[in-house]
There are 2 protein chains.
Amino acid sequence: MMKLTVLGSTGSIGTQTLEVVRERGDISIEALGAGRNIALLEEQIRCFRPRLACVADERAAKQLKVAVADTETKILSGSAGMEELAADPASDTVVAAIVGIAGLASSLAAVKAGKRLALANKETLVAAGDLVRSALTKSGGELIPVDSEHSAVFQCLEAIGTERRRTELKRIILTASGGPFAGKTRAELAEITPEQALRHPNWDMGAKITIDSATLMNKGLEVLEASQLFDTKTEKIDVLVHRQSIVHSMIELTDGAVLAQLGVPDMKLPIQYALTYPDRLPMQGNTLDLATVGTLTFEKPDTSTFRCLALAYEAAEKGHTMPCVLNGANEAAVALFLQKKIRFLEIGELIERTMEAHKPIRNPGLEDILEADCWARETVRHLQQMA
Amino acid sequence: MMKLTVLGSTGSIGTQTLEVVRERGDISIEALGAGRNIALLEEQIRCFRPRLACVADERAAKQLKVAVADTETKILSGSAGMEELAADPASDTVVAAIVGIAGLASSLAAVKAGKRLALANKETLVAAGDLVRSALTKSGGELIPVDSEHSAVFQCLEAIGTERRRTELKRIILTASGGPFAGKTRAELAEITPEQALRHPNWDMGAKITIDSATLMNKGLEVLEASQLFDTKTEKIDVLVHRQSIVHSMIELTDGAVLAQLGVPDMKLPIQYALTYPDRLPMQGNTLDLATVGTLTFEKPDTSTFRCLALAYEAAEKGHTMPCVLNGANEAAVALFLQKKIRFLEIGELIERTMEAHKPIRNPGLEDILEADCWARETVRHLQQMA
């Protein structure tokens, strides 16, 4: 029986992971970690009876301890607690579904402990890809992507196997829904409100990632993540706007053959695949009927309107701490937008100005990365207050 | 260096195979077989200098012998000569690109001799699938499909590997261009001339297969072939009309994931893959640009208008010699149509009436199959003369 830890269990990927666990019945939940939603975490504890749980927020952790005093679950707290969960020897697999840079340290701890890491946290590889990859090599751990695009690429790459990847993989093509504003001009984007940006056409996701999807920064972060995951330069990673979100991504091989993974938009499929890989197990209710879908469209992304995607490629080119700064600046800017302190187009502008002000630190360690992240956030807030 | 025999070297697949050979430069042509186009075969002999060549037509063989008397190439003739070519110990790989049932005996000879058979001849598996499969098991030979649809399925299946096929493959989805008449009514089809039927929208193929494409019988034969190739019941093989011929086919897995192989319509890719499998080698000039393609469409085939596809499923259900009779009746009916002796819709009608008159022979040997094929052709001609 698989022994699973879910970090970020109260979020979108976390709750869907627990639905998969409930449907399967052959996975035991060892530990659950959440940020601050202790009402839902308490429910999850009572349902799945993990040995350990952790709340990032110290005060909320104290409240939860009281609330679940009648259970056998031991409650930890803070980021140290989250890292303890990630490395706990009782689990063999860790789902990393904490949103943002907050998920980095625990993901890294799981990798160092030699776990299979089912990775839904983009920032881990965007900000600390080299660090994570060298830890993987040392520990013999495994990294399986959960993101639908990276899972699609991972599934397609199975057709050529790991050894042929270096010689036979020509290009990775990540598909993008284009978000709710594909086709809009910069003048139209200037007026976008958070409420409008939060309405994603195809996927039901958290708020931060939904805004990232509207700015195309989500796709930019995915390009950076794919580059690390599949050891491929970003110039060999293309983005194609595909509004129906049916083709989840593609690979192009050296002979011109393109392999694609398709499916209805349902995160439970890549979540389950990351858990059961290399096996696939039956899943109900998600059969793709292409005759009913009818039409699939593909178009080049408009990177002069959606600057965030272009900025991600620029960050990849600069390398070192620049992708981390791009990500930190984006998190801060998206928070300001959700608080209605800046307008939609200012997200990209603040990120760009922050990147311009940053001097990349070569071969950064975890401390350098967290510091660059903090610096980026502060710089964004500072620039905004100056405006 | 790969040692290759090409059966049907003057046809569409044959000439494209030789183009691949010329572009690669690491394949030696051991033998070439053709039906009657000795002018082209002579050119090929002078270019590729095979040890052996064979002409199916005895008289043409004699003429060729005189014409190439100055070369080192030994000329064989007839179907016995073609079988000798197929089994020749000097070759390790045989491309079977003879059109129609005429290709069966030589394909079977290659399989029995333990070769890698790059199979472009549908009829081999349609008419004699069980026979070929048991010969494969005995000889340890290899069967790699060349047809774009089957190659696509084969390429996708690499992602799960042979062992998982039985448990993880849920459905095969063969795509069909729909031919030049997709969307037409039976009243409109009644007036179709051979000239109209020979204009295929996407692929440049021989005359017989182009008519099969217009009737959808081509897809019916592919369903039967896929059933044998991938050891899958026809009820798990669907056909989806996809007019752009970009998605060459798909597989659906047990968890709902769909894997597809895409590419520009260029037979050289599946031909080369069948030769170099499991490796892929670079190929120029066939990069798929989906943003330029723009739109891919999918729809259910209209089997009440295009009866031939429904007849193929019926033949699969009846089994034994029925698929062979379907194929033989189709070859005879297509020939009559090309000779303007029958009208377009009569192709399906004659096949249906021939199938109704046939009593399947259980577990047929090669003789039974060839006899059933002859019977079907005669029955078609007889029915036509009676009309």
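Scope of the values below: all heavy atoms of this structure, side chains included, with no hydrogens, waters or symmetry mates. Since this is a predicted model, take the numbers as computed values, not measurements. In the text below, chain A, chain B and the rest are named by the order of the sequence lines, each starting its count at 1.
Note on A/L281, A/V258, A/L269, A/N286: by heavy-atom pairs under 4.5 Å with chain B, the leading option is A/V258. Of all the listed residues (B/A257, B/G285, B/C156, B/G263), the one sharing the greatest number of non-hydrogen pairs under 4.5 Å with chain A is B/A257. No other option in A/E168, A/Q155, A/E158, A/Q284 has as many heavy-atom pairs under 4.5 Å with chain B as A/E168. Of the listed residues (A/S151, A/A159, A/A152), the one with the most heavy-atom contacts under 4.5 Å to chain B is A/A159. Counting heavy-atom pairs closer than 4.5 Å to chain A, the top residue among B/T297, B/L259, B/L290 is B/L290.
How far CD1 of A/I251 is from CG of B/L262: 11.5 Å, rounded to the nearest 0.5 Å. Here B/R171 contributes atom CZ and A/L288 contributes atom CG; the two are 8.0 Å apart, rounded to the nearest 0.5 Å. Going from atom CG of B/D279 over to atom CZ of A/R164 covers 4.5 Å, rounded to the nearest 0.5 Å. For the atom pair B/R280 CZ and A/T254 OG1, the distance stands at 9.5 Å (nearest 0.5 Å). Atom NZ of B/K300 sits about 5.0 Å away from atom OG1 of A/T292, to the nearest 0.5 Å. Considering CG of A/D255 and OG1 of B/T287, their distance stands at 10.5 Å, rounded to 0.5 Å.
Counting non-hydrogen atoms of other residues, nucleotides and ligands closer than 6.0 Å to CD of A/E317 gives a total of 12 or fewer.
For chain A, the nearby parts of B/P278 are the backbone and the side chain; heavy atoms of each come within less than 4.5 Å. Contact annotation for B/I246: neither backbone nor side-chain heavy atoms come within less than 4.5 Å of a heavy atom of chain A. B/L240 touches chain A through its side chain: at least one heavy atom from C-beta onward sits under 4.5 Å away, while N, CA, C and O do not. Heavy-atom distances place the side chain of B/E252, and not its backbone, under 4.5 Å from chain A. Contact annotation for B/E299: only backbone heavy atoms (N, CA, C, O) come within less than 4.5 Å of a heavy atom of chain A. Of the atoms belonging to A/Q261, heavy atoms from both backbone and side chain fall under 4.5 Å from chain B. For B/K268, no part lies under 4.5 angstrom from a heavy atom of chain A.
Contact annotation for residues 224-238 of chain B against chain A (heavy-atom separation below 4.5 Å): no residues qualify.
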